[in-house]
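Below is one structure, written out as structure tokens; comments come after it.
On a predicted model such as this, the values are computed, not experimentally measured, just so you know. Order of the sequence lines sets the chain letters (A, B, ...), proteins ahead of strands, with each chain counted from 1.
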Amino acid sequence: MLTQLSNQKIEFFQLNLINWGSNHFVDFPWRYTENHWHALAAEIMLQRTNANQVINVYKEFCEKYPSPEDYIDDKAPNTFNSLGLKWREELLQKLAYFLTLQEIPKNKKELIKLPGVGEYIAAAFLSLHLNIIATIIDSNVVRVYGRFFGFPTDSETRRKKWFIEFANKLTPLDNHRRYNYAVIDFTREICRPKPQCHRCLLNKYCSFNFREKRGEK
DNA sequence: CTCCAGAACA
DNA sequence: TGTTCTGGAG
């Protein structure tokens, strides 16, 4: 199925997405940090949490804990009090502890061994903060690819080999960073769970948009 | 593969 | 109130 997709459609998607992204890049503070510890901490704060909610918490966190050691020294941190999912505090403590023992690795295989770091955070960290090519897959990526290219998805699609390969193919070798930021911003602003097709610059070739217009499910 | 947390949603 | 979501872990 996917091998039959025209390269034109893929190129259209990549080009227009990157183009959209460069005009709608949101300058969240963690996108600029040179501090890799802060970058990883931000990803944990962002899990299932609205980015706007994270901004102030993140800024405070960076002030309070310039290094993993500073964070470990705090016996009663309350980073997640206002964010919810408080089990992440313990996870972050474990991560911080690991980071006092070793440098942050620069490849996915080693990154994933860190507590709290899985496929998603490893890929995001590599591409966005180290500028090393990596394919970011999360629920938003699954949603936008499924819609635009017209294939059904479910909660396990993210782990399927065919989907991972497809996502690898779509992530451009050179522009991966800009592309990945664009996907993140685009799926937050336009291709949301409730799609904003009327504001979408890609709807001309979007399979989902066609189905909507024909009144199909 | 399944299970988990626990907020968000219906 | 029950169900869904989602990245990590087992």
Side-chain angles (χ1 to χ4, degrees), chain A residues 28 30-31 36-58 61 68 71-72 77-99 101-102 104-130 132-148 151-168 170-171 176 179-196 208 217:
Chain A
F28 293 117
W30 49 86
R31 291 186 171 184
H36 291 162
W37 147 245
H38 290 166
L40 288 178
E43 291 300 338
I44 289 176
M45 292 178 202
L46 287 164
Q47 283 180 351
R48 296 152 82 190
T49 307
N50 184 299
N52 291 317
Q53 242 183 303
V54 175
I55 295 175
N56 286 328
V57 173
Y58 172 80
F61 183 92
Y71 180 61
I72 287 175
N78 61 352
T79 316
F80 295 94
N81 273 207
S82 68
L83 298 178
L85 301 171
K86 291 183 186 168
W87 50 268
R88 292 182 290 179
E89 196 85 65
E90 199 185 332
L91 200 64
L92 197 48
Q93 291 270 13
K94 279 187 194 159
L95 175 63
Y97 176 69
F98 266 62
L99 297 184
L101 305 177
Q102 61 168 103
I104 298 179
K106 293 182 170 45
N107 64 78
K108 192 186 257 190
K109 193 165 158 254
E110 295 299 317
L111 276 167
I112 285 173
K113 291 180 184 170
L114 296 172
V117 176
E119 287 283 337
Y120 173 82
I121 290 182
F125 180 71
L126 285 171
S127 173
L128 306 179
H129 292 281
L130 300 184
I132 293 171
I133 175 82
T135 304
I136 296 179
I137 295 176
D138 68 358
S139 62
N140 300 308
V141 172
V142 171
R143 184 176 64 245
V144 68
Y145 289 176
R147 280 178 181 165
F148 186 83
F151 52 84
T153 60
D154 61 31
S155 58
E156 283 306 307
T157 302
R158 60 199 165 122
R159 309 187 202 273
K160 302 291 186 201
K161 192 168 173 240
W162 64 267
F163 183 81
I164 295 167
E165 281 168 5
F166 181 64
N168 286 340
L170 262 89
T171 307
H176 61 90
Y179 177 86
N180 283 328
Y181 273 133
V183 172
I184 293 168
D185 290 331
F186 184 74
T187 55
R188 193 187 55 249
E189 301 291 335
I190 308 294
C191 204
R192 306 167 66 101
K194 285 180 185 172
Q196 313 286 305
F208 181 83
K217 280 201 169 177

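For C:dG8, the OP1/OP2 oxygens have a side-chain nitrogen or oxygen of A:Gln47 closer than 4.0 Å. One finds no side-chain N or O of A:Ser155 lying less than 4.0 angstrom from the OP1 or OP2 phosphate oxygen of C:dT6. Contact between the side-chain N/O atoms of A:Lys160 and the OP1/OP2 oxygens of B:dC1 is found at a separation under 4.0 Å.
Taking a cutoff of 4.0 Å between a charged side-chain nitrogen and a carboxylate oxygen, A:Lys86 and A:Glu89 do not qualify as a salt bridge.
Shown are A:Phe98, A:Tyr97, A:Trp37; of these, the ring pair (Phe, Tyr, Trp, His ring centres under 6.0 Å) with A:Tyr71 is made only by A:Trp37.
Atom CG of A:Asn140 is separated from atom P of C:dT6 by 7 Å (rounded to the nearest Å). Distance CE (A:Met45) to C1' (C:dG8): 18 Å, rounded to an integer number of Å. To the nearest angstrom, C1' of B:dC4 lies 11 Å from CZ of A:Arg159. Computed from coordinates, the A:Glu90 CD to B:dC4 P distance equals 17 Å when rounded to whole Å. Protein atom CD of A:Gln53 is 11 Å distant from nucleotide atom C1' of B:dA8, rounded to whole Å. Between A:Ile44 atom CD1 and C:dT6 atom P the separation is 18 Å, expressed in whole Å. In this structure, A:Tyr120 atom OH and C:dG7 atom C1' are separated by 10 Å, rounded to whole Å. Rounding to whole angstrom units, CD1 of residue A:Ile121 and P of C:dT6 are separated by 15 Å.
Here the nucleotide nearest the side chain of A:Lys194, chosen from B:dA7, B:dA10, C:dG7, is B:dA10.
Ring-plane geometry between A:Phe166 and A:Phe163 is classed as tilted, the angle between the planes lying from 30 to 60 degrees on a 0 to 90 degree scale.
For the pair A:Arg88 (side chain) and A:Phe80 (backbone), a donor-acceptor distance under 3.5 Å is absent.
The base of C:dG8 is not paired with the side chain of A:Arg88 by any donor and acceptor separated by under 3.5 Å.
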Could you pull out every donor-acceptor pair under 3.5 Å between side chains of residues 122-130 of chain A and any protein atom, sequence neighbours left out?
residue  : atom : partner  : partner atom : Å
A:Ser127 : OG   : A:His176 : ND1          : 2.8
A:Ser127 : OG   : A:Asn180 : ND2          : 2.8

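Summary of the strand contacts: A:Glu156 and A:Leu83 both lie near DNA chain B, and taking for each the nucleotide with the nearest heavy atom, the more 5' one is attributed to A:Glu156. Remark on DNA chain B: of its neighbouring residues A:Gly84 and A:Arg158, the 5'-side contact belongs to A:Arg158, judged by nearest-heavy-atom nucleotide.
At a threshold of 4.0 angstrom between heavy atoms, the contacts of A:Pro115 are confined to the sugar-phosphate backbone, with no base atom among them.
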